[in-house]
Colleague: 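Before we start, here is the structure in question, set down as structure tokens.
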Amino acid sequence: MNGRGRWGVKINTPAIVSGDDADAQAFITAAGITNSTQQSAINTLVTSLKGYGIWTKMKAIYPFVGGTANSHKFNLKHPEDATYAFRLGFNGGWTHTSTGAKPNGTNAYADTFLNALTSLTNNNYHLAHYSRTQKTTGGEVDMGCGEFATAKMIAIDQYYAGAGKAFVAGDYNTSLITNADTNTLGMIVGSRTSQTSAKLFMNAVQKGSTLTLSNPNIQPNGKFYLGANNTTPIEYSSKECAFASIGDGLTDTEVANLYTAVQAYQTTLGRQV
């Protein structure tokens with residue numbers, strides 16, 4: 001901005017670019033985002049999600065902006081440095097850059113501290129993960145949690161057992177949705193909106209669904225891990241993540257709108273795929 005110095009001499013000071021939206025600004029401040037393009041991208045992402053009516057459905061949003069482990073850990077919905085705010089706890093080998101956070105595929109995972117049983121509504125939830133890595137081998141879970149003794153699981157995988165995509169939406173034996181599409185670039189979304197409806201999407205295109213009646217109480221009692229499956233970390237991922245979210249179930253239209261908002265966000269940051 002322009003102003004006057006002590007002796008009336010005109011001086012120029014740099015404009016301060018910040019998020020116009022209060023929620024965006026809270027994240028920008030907490031994560032220490034100083035780059036004006038990144039600030040603008042966050043602000044537009046938040047206002048777009050609110051405009052689409054998706055913001056209130058989100059429990060956790062990880063936009064992976066700022067290029068460091070410290071900036072990547074914050075939850076856009078509640079940008080506090082605390083486990084109750086579902087900020088990420090990185091474990092193992094991660095690479096943090098301006099394009100996202102990449103786990104090493106052997107021991108890396110991020111604890112979201114978000115428990116599926118206590119934080120999600122039964123038969124009403126979604127997971128989303130934006131990958132910038134094309135994989136051709138392996139079975140890697142992008143994010144998930146499970147109770148293996150009871151076969152309860154909520155997880156998404158962009159290269160399930162080395163042969164396509166998968167969304168587990170409750171009982172592993174009856175609610176596993178798979179698809180042979182082997183593209184792992186872009187955003188996979190798994191969404192359950194009722195006891196009899198769960199769907200799998202890739203870049204807003206539906207790839208599979210199930211109408212199988214799920215167990216009335218299907219949420220596992222465990223925290224979601226990003227970059228692996230939980231209860232103990234297994235099936236480690238090596239895909240660079242540029243966005244992830246956890247929240248209520250999304251309709252087909254909401255999945256499409258989420259992809260539109262996230263793809264625009266990635267494009268602003270020059271890291272879209």
Side-chain angles (χ1 to χ4, degrees), residues 17-31 33 35-67 71-79 86 88 98-101 112 114 120 124-133 142-143 156 158 165 167 183-193 199-207 224 226 239-273:
V17 180
S18 61
D20 296 327
D21 179 273
D23 291 306
Q25 184 59 57
F27 176 87
I28 289 167
T29 300
I33 306 300
N35 179 277
S36 61
T37 299
Q38 295 173 354
Q39 290 177 343
S40 178
I42 286 292
N43 189 67
T44 301
L45 175 63
V46 172
T47 56
S48 295
L49 294 178
K50 289 181 177 182
Y52 286 132
I54 299 173
W55 178 259
T56 56
K57 292 193 167 188
M58 295 294 185
K59 306 295 184 182
I61 305 171
Y62 305 107
F64 295 103
V65 63
S71 63
H72 286 171
K73 71 183 179 183
F74 286 99
N75 171 11
L76 181 58
K77 275 299 296 279
H78 301 286
F86 308 141
L88 295 177
S98 61
T99 56
T112 69
L114 192 157
L120 298 183
N124 180 31
Y125 49 79
H126 87 274
L127 300 178
H129 179 280
Y130 191 102
S131 166
R132 298 190 69 257
T133 304
D142 298 310
M143 55 194 303
I156 50 176
Q158 283 182 274
K165 308 185 186 312
F167 172 43
N183 170 46
T184 66
L185 291 173
M187 192 165 74
I188 184 172
V189 176
S191 178
R192 178 176 282 284
T193 53
K199 296 180 179 181
L200 170 68
F201 300 84
M202 184 63 183
N203 296 330
V205 177
Q206 184 176 321
K207 295 292 183 176
F224 285 101
L226 179 66
K239 306 183 196 75
E240 183 180 36
C241 183
F243 176 92
S245 66
I246 306 169
D248 296 342
L250 301 176
T251 66
D252 295 15
T253 298
E254 288 169 336
V255 169
N257 289 338
L258 176 62
Y259 175 72
T260 296
V262 171
Q263 189 68 353
Y265 169 73
Q266 308 295 2
T267 300
T268 299
L269 296 177
R271 62 188 197 184
Q272 76 281 5
V273 293

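Just so you know, residue 1 is the first one in the sequence shown, and it goes up from there. Nothing here was measured: the structure is a model prediction, and the numbers come from that model.
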Colleague: Write down the atom of Pro79, the atom of Ala30, and the distance for their closest heavy-atom approach.
Modeller: O-CB, 3.3 Å
Colleague: Would you give the length of the straight line joining atom CD1 of Ile28 to atom OG of Ser71, rounded to the nearest 0.5 angstrom?
Modeller: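 Rounded to the nearest 0.5 Å, the CD1-OG separation comes out at 12.5 Å.
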Colleague: Between Asp248 and His126, does a side-chain contact (heavy atoms from CB on, under 4.5 Å) hold up when you go through it step by step?
Modeller: CA-CA 6 Å; Asp248 296 342; His126 87 274; 5.6 Å; no
Colleague: Return each pair, listed once, that meets salt bridge (charged side-chain N to carboxylate O under 4.0 Å, His left out) where at least one residue sits in residues 35-46; pairs must be two or more places apart or across chains.
Modeller: none
Colleague: Please tabulate, for side-chain N and O atoms in residues 50-58, each donor-acceptor pair with protein atoms closer than 3.5 Å (sequence neighbours left out).
Modeller:
| residue | atom | partner | partner atom | Å |
| --- | --- | --- | --- | --- |
| Lys50 | NZ | Asp21 | OD1 | 3.3 |
| Lys50 | NZ | Asp21 | OD2 | 2.9 |
| Lys50 | NZ | Asp23 | OD2 | 2.6 |
| Lys57 | NZ | Gly249 | O | 3.3 |
| Lys57 | NZ | Glu254 | OE1 | 2.8 |
| Lys57 | NZ | Glu254 | OE2 | 3.0 |

Colleague: In Å and rounded to the nearest 0.5 Å, what is the CG to NZ distance from Asp142 to Lys165?
Modeller: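 NZ of Lys165 is found 9.0 Å from CG of Asp142.
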Colleague: Considering residues at least two apart in sequence or located in another chain, which fulfil the side chain to side chain contact (heavy atoms under 4.5 Å, CB included) criterion with Ala204?
Modeller: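 Ala204: side chain to side chain contact (heavy atoms under 4.5 Å, CB included) contacts with Ala256, Tyr259.
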Colleague: Begin with the C-alpha distance, continue with both residues' side-chain angles, and end with the deciding distance and a verdict on side-chain contact (heavy atoms from CB on, under 4.5 Å) for Lys199 and Asp252.
Modeller: CA-CA 9 Å; Lys199 296 180 179 181; Asp252 295 15; 3.1 Å; yes
Colleague: What pair of heavy atoms forms the shortest contact from Phe243 to Cys241, and how long is it?
Modeller: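 Answer, listing the atom of Phe243 first, then Cys241: O-SG, 3.2 Å.
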Colleague: Rounded to the nearest 0.5 Å, what separates atom CG in Asn203 from atom CG in Asn183?
Modeller: 6.5 Å
Colleague: Output yes when a side-chain donor or acceptor of Asn43 lies under 3.5 Å from a complementary backbone atom of Ala24, and no otherwise.
Modeller: no
Colleague: Report the C-alpha separation of His129 and Met187 in whole Å, then their side-chain angles, then the decisive distance to 0.1 Å, and conclude whether the side-chain contact (heavy atoms from CB on, under 4.5 Å) test is met.
Modeller: CA-CA 5 Å; His129 179 280; Met187 192 165 74; 6.0 Å; no
Colleague: So, the side chain of Thr112 versus the backbone of Leu88: is there a donor-acceptor pair under 3.5 Å, distance only?
Modeller: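 Flag not set: sc Thr112 to bb Leu88 has no pair under 3.5 Å.
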Colleague: With a 4.5 Å limit on heavy-atom distance, are the side chains of Thr44 and Tyr265 in contact?
Modeller: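 Side chain of Thr44 against side chain of Tyr265, heavy atoms only: no contact under 4.5 Å found.
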Colleague: Between Phe86 and Tyr62, is there a side-chain heavy-atom distance shorter than 4.5 Å?
Modeller: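 When only atoms from C-beta onward are counted, Phe86 and Tyr62 do touch, with a gap below 4.5 Å.
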Colleague: I'd like to check the ring-ring contact (aromatic ring centres under 6.0 Å, His included) partners of His72; sequence neighbours left out, ordered by chain and number.
Modeller: Phe64, His96
Colleague: On a heavy-atom basis, which atom in Ala242 and which in Thr99 lie closest, and how many Å separate them?
Modeller: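 For Ala242 and Thr99, the tightest heavy-atom pair comes out as CB-O, 3.7 Å.
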Colleague: Among Lys239, Glu240, Gln266, which residue meets the side-chain contact (heavy atoms from CB on, under 4.5 Å) test with Tyr130?
Modeller: Gln266
Colleague: Measuring from Thr47:OG1 to Asp20:CG, what's the distance to the nearest 0.5 Å?
Modeller: 8.5 Å
Colleague: Can you check whether Leu120 reaches Ile246 side chain to side chain, under 4.5 Å on heavy atoms?
Modeller: yes
Colleague: What's the spacing between Met202 CE and Ser131 OG if we round to 0.5 Å?
Modeller: 7.0 Å
Colleague: Do you know the tightest heavy-atom contact between Thr193 and Thr251?
Modeller: CG2-N, 4.4 Å
Colleague: I'd like to check the salt bridge (Lys or Arg N to Asp or Glu O under 4.0 Å) partners of Lys77; sequence neighbours left out, ordered by chain and number.
Modeller: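 Counting only residues at least two positions away or on another chain, Lys77 forms no salt bridge (Lys or Arg N to Asp or Glu O under 4.0 Å).
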Colleague: Find out whether Arg192 and Tyr125 are in side-chain contact, i.e. whether some heavy atom of one side chain is under 4.5 Å from a heavy atom of the other.
Modeller: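 Heavy-atom side-chain distance check passes, below 4.5 Å.
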Colleague: Report yes if the side chains of Val189 and Leu127 come closer than 4.5 Å at any heavy-atom pair, otherwise no.
Modeller: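 No - every pair of side-chain heavy atoms lies 4.5 Å or more apart.
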Colleague: Might you point out which heavy atoms bring Gly190 and Ile156 nearest each other, and give the distance in Å?
Modeller: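 What the structure gives for the nearest pair is N-CG2, 3.9 Å.
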Colleague: Do Gln25 and Thr29 get their side chains close enough for a donor-acceptor pair, meaning under 3.5 Å?
Modeller: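 Side chains of Gln25 and Thr29: pair found under 3.5 Å.
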Colleague: Could you note down all residue pairs passing salt bridge (charged side-chain N to carboxylate O under 4.0 Å, His left out) where residues 263-273 supplies at least one of them, sequence neighbours left out?
Modeller: none
Colleague: Is any side-chain heavy atom of Phe74 closer than 4.5 Å to a side-chain heavy atom of Val65?
Modeller: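 No. Closest side-chain heavy atoms not under 4.5 Å.
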Colleague: Is there side-chain contact between Ile61 and Phe27, with at least one heavy-atom pair below 4.5 Å?
Modeller: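 With C-beta onward as the side chain, the pair stays apart.
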Colleague: So how far is it from Leu76 CG to Leu45 CG, rounded to the nearest 0.5 Å?
Modeller: 6.0 Å
Colleague: Under a 4.5 Å cut-off applied to non-hydrogen side-chain atoms, are Pro63 and Ile42 in contact?
Modeller: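 A side-chain contact exists here, since the closest heavy-atom pair is under 4.5 Å.
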